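All figures in this text were calculated on a predicted structure; none of them were measured in a lab.
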Amino acid sequence: MKKERLLYILSVVILVIIGLCLRLLYINSALWYDEACSWTTAVKSFPTGIMNNLLEFDLQHTPLYFFLLHFWIQLFGDGEITMRVLSLIFAIATIPLTYIVTKKISTENNALFASAITAINPLLVLFGVEIRMYIIAAFLVLLSINFLIDFEQKEKKKSLLFLCLTNILIPYTLVGASFYNLSLLIFYGKYLYKNNREKFNRYRNFAIIEWAALIPYFILISYYATQRINFVVAHEGSLAFFNIVDVIRNFFGAYLNPNVFWPARAPYDITFIFALLVIVPCVYFVWGFCCGQKKSTGFMRVLYNCVLTIFIIAIIFALLKVNVFTCRYLLYLLIPCFILSVISISQNLSSKHFKIFLITYLICSTYFNIADAKRLRYSKMSSFKAVSIEAKQLNLGTDDIVIMPFGGDADYYFNDISMPKLFFSDFHKTVRNPYGFYYDKDISSSVMSEDKYKFLYNSIINKEISSKRYYEYFVKNVNLYVPQGRFVLIAMYDDDVAAIISIDDLKSLVKDKKYLKNNYLDAFFKKYMCDIIAMLNLDFVPIKKYQKGNYTYFLFQKK
């Protein structure tokens, strides 16, 4: 083996080690809400329990990741670190795979830089240990591009077969990643049709198999769409231009927005450090991608167009409030973006300029990863685990109940036999299930009719509990469950506490159905909390209200 080749291999091994070390800084983090939901789904029975949970409460995710996590838990347990290792394996595998993919369409130097970015980029480091499907989807898309390049360059039937199989897995792992399948079909199919009809025919045949295999996927998301239209309280919000800026900032910046899991709500403070570590790299990478997209031809243009089109489709769907436009849902685009940007930047800058920029970016990103790990671990703990810690400090036990209107469906930290019972009370998942314990049959019918706001408006005006079914469910599982003298703890996350108002104040706020139509989420959540407080007041007395960390707590004692 040539010495130069050996040095490149050794460099990739070193990058893998660096990438592993950076991700290990985050591996001992507590679970945040979405990760706890992954556990809640995955521990259900395979496959019926998992699918029932997705179909009744989740209504947005495909099952492949949860199947995989289910068997991982069966083999290795459900500890916080153990479950993160599953994602870590795929995250580390993306580093050498990035080198392989880039080398096939560019130089070894560019391949090395692209794999270095994959190893060190803060967003990829953070989500490399998330107990979610995002990094696995990113790995599969990169693997698909690898087989696509192989087929383009060598025209081997085996590469086309592997491409087809990988593409089938992608949407079943992450719903929105089907944009990749669609974009690839359009641009690569068009490219082959114009340049090589025989090759196009082979690709077409496998594409037919791929899309036929995705029929259950489309049936599933059609079901989700039907249920969400009628029952899900939309909380995506309107897409703002700043949300797009926020995704680009988190994609390419050398450090992340502290609340990277959700679109930022306000513009950034522009400081010198922000300009140096965020604006500058974003300009370089976006400029590089745009130059490449403009100047590329042939197969390379297919790759650029695919990535750009997926980004645009995601924006359109966010405008239609089908999905939230946030970086974790688009993580599968990030590595292809870096590969294509690095190739273009190397062609449009001097070698010295190119290397100085990327080395500086990598150093700054590495420093951020190390410095931010402690903050991130604390942030995750205070966003979900904190309630279980507070319950322990209050000496709550098996006779007590904890109510969390945000997160009340994921009982990971209340799974121990000595812990209080976490009442299934997650607002969004409770009101999105037409067949569960919330809606009476006549209410379900009215919600599915054109006058979907009638039941809520009437219950507010008449100051009634929203449904008899929910009343019976709550009284049985809370009021009758808790013995005399024991406690119910309500934990309201962040500004959700504003939802706790009196029914009279809510009635004065909701003047007509038009108000509900424009403020459905806010009014529904306030009514939901009014009902909970009203039902608790039947048998409990409020003891105290206090704020600690991100939560406001309300403690009630059974009379």
Side-chain angles (χ1 to χ4, degrees), residues 18-19 22 25-26 110 113-128 239-294 304 307-308 311-312 314-315 318 324-331 333-376 378-379:
I18 292 173
L22 291 176
L25 294 173
Y26 295 83
N110 285 344
F113 273 117
S115 57
I117 294 172
T118 300
I120 294 169
N121 170 261
L123 198 63
L124 291 171
V125 169
L126 174 61
F127 283 99
L239 177 70
F241 177 74
F242 185 73
N243 300 142
I244 301 173
V245 173
D246 190 54
V247 168
I248 295 173
R249 172 256 204 276
N250 287 313
F251 263 26
F252 302 123
Y255 75 88
L256 301 173
N257 179 352
N259 187 23
V260 69
F261 300 101
W262 204 252
R265 299 179 180 178
Y268 312 115
D269 293 328
I270 306 299
T271 64
F272 174 76
I273 295 297
F274 182 85
L276 184 66
L277 300 184
V278 176
I279 296 177
V280 170
C282 285
V283 169
Y284 269 94
F285 285 119
V286 172
W287 169 78
F289 184 90
C290 291
C291 285
Q293 197 276 334
K294 183 178 180 180
Y304 281 103
V307 172
L308 181 61
F311 196 79
I312 293 171
I315 291 174
V324 179
F325 193 81
T326 187
C327 54
R328 56 196 166 111
Y329 296 163
L330 293 169
L331 189 73
L333 281 184
L334 185 52
I335 300 175
C337 278
F338 277 128
I339 292 173
L340 296 172
S341 294
V342 165
I343 292 172
S344 176
I345 292 171
S346 70
Q347 295 169 347
N348 289 280
L349 294 180
S350 67
S351 177
K352 183 178 180 180
H353 189 169
F354 171 71
K355 291 177 181 178
I356 289 173
F357 160 64
L358 285 183
I359 290 172
T360 303
Y361 173 79
L362 293 170
I363 291 171
C364 293
S365 296
T366 302
Y367 175 79
F368 169 80
N369 285 320
I370 295 170
D372 191 59
K374 184 177 180 180
R375 181 205 66 81
L376 193 280
Y378 172 79
S379 176

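- Residues satisfying the ring pair (Phe, Tyr, Trp, His ring centres under 6.0 Å) test with F261, not counting sequence neighbours, are W32, F127.
- Atoms CZ and CZ, from F338 and F251 in turn, are 8.5 Å apart once rounded to the nearest 0.5 Å.
- Partners of T118 under the side-chain contact (heavy atoms from CB on, under 4.5 Å) rule, at least two apart in sequence or in another chain, are T94, I95, T98, L124, I335.
- When every heavy atom of I359 is checked against every heavy atom of F113, the shortest pair comes out as CG1-CE2, 4.2 Å.
- In this structure, F252 and L123 have side chains that are not in contact, with every pair of non-hydrogen atoms separated by 4.5 Å or more.
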Donor-acceptor pairs are to be reported for all side-chain atoms of residues 266-290 against protein atoms at under 3.5 Å, with residues two or more places apart or in another chain.
unit_1, atom_1, unit_2, atom_2, d
Y268, OH, D246, OD1, 2.3
T271, OG1, F274, N, 3.1
Y284, OH, H353, NE2, 2.5

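- The closest donor-acceptor contact from the side chain of Y26 to the backbone of V125 lies at 3.5 Å or more, if one exists at all.
- Qualifying side-chain hydrogen bond (donor to acceptor under 3.5 Å, both in side chains) partners for S346, counting only residues two or more places apart in sequence or in other chains: N110.
- Within the structure, no pair that satisfies the salt bridge (Lys or Arg N to Asp or Glu O under 4.0 Å) test touches residues 252-263, not counting sequence neighbours.
- For S344, the side-chain hydrogen bond (donor to acceptor under 3.5 Å, both in side chains) partners two or more places apart in sequence, or in a different chain, are N348.
- Here the straight-line distance linking atom CH2 of W262 with atom SG of C327 works out to 11.5 Å at 0.5 Å rounding.
- Among all heavy-atom pairs drawn from L256 and R249, the shortest one is C-NH1, 3.4 Å.
- In this view, I356 and K352, T360 satisfy the side-chain contact (heavy atoms from CB on, under 4.5 Å) rule, not counting sequence neighbours.
- When the side-chain hydrogen bond (donor to acceptor under 3.5 Å, both in side chains) test is applied to Y361, the partners found at least two apart in sequence or on another chain are N121.
- Between the side chain of N369 and the backbone N or O of I120, at least one donor-acceptor pair lies under 3.5 Å.
- In this structure T326 satisfies the side-chain contact (heavy atoms from CB on, under 4.5 Å) test together with P263, V324, R328, Y329, sequence neighbours excluded.
- In this structure, the side chains of F311 and V307 stay at 4.5 Å or more apart for every pair of heavy atoms.
- Taken from CD1 in I345 to CZ in F354, the straight-line distance is 7.0 Å, to the nearest 0.5 Å.
- With hydrogens and angles disregarded, no donor-acceptor distance shorter than 3.5 Å links the side chain of N257 to the backbone of N250.
- Pairs engaging residues 359-376 under the salt bridge (Lys or Arg N to Asp or Glu O under 4.0 Å) rule: D372-R375 [sequence neighbours left out].
- Crowding of Y367 atom OH: a count of heavy atoms from other residues, nucleotides or ligands under 6.0 Å not exceeding 12.
- Looking at every heavy atom in both residues, L22 comes nearest to A119 through CD1-O, 4.0 Å.
- Here the side chains of K294 and Y304 are not in contact, with every heavy-atom distance at 4.5 Å or above.
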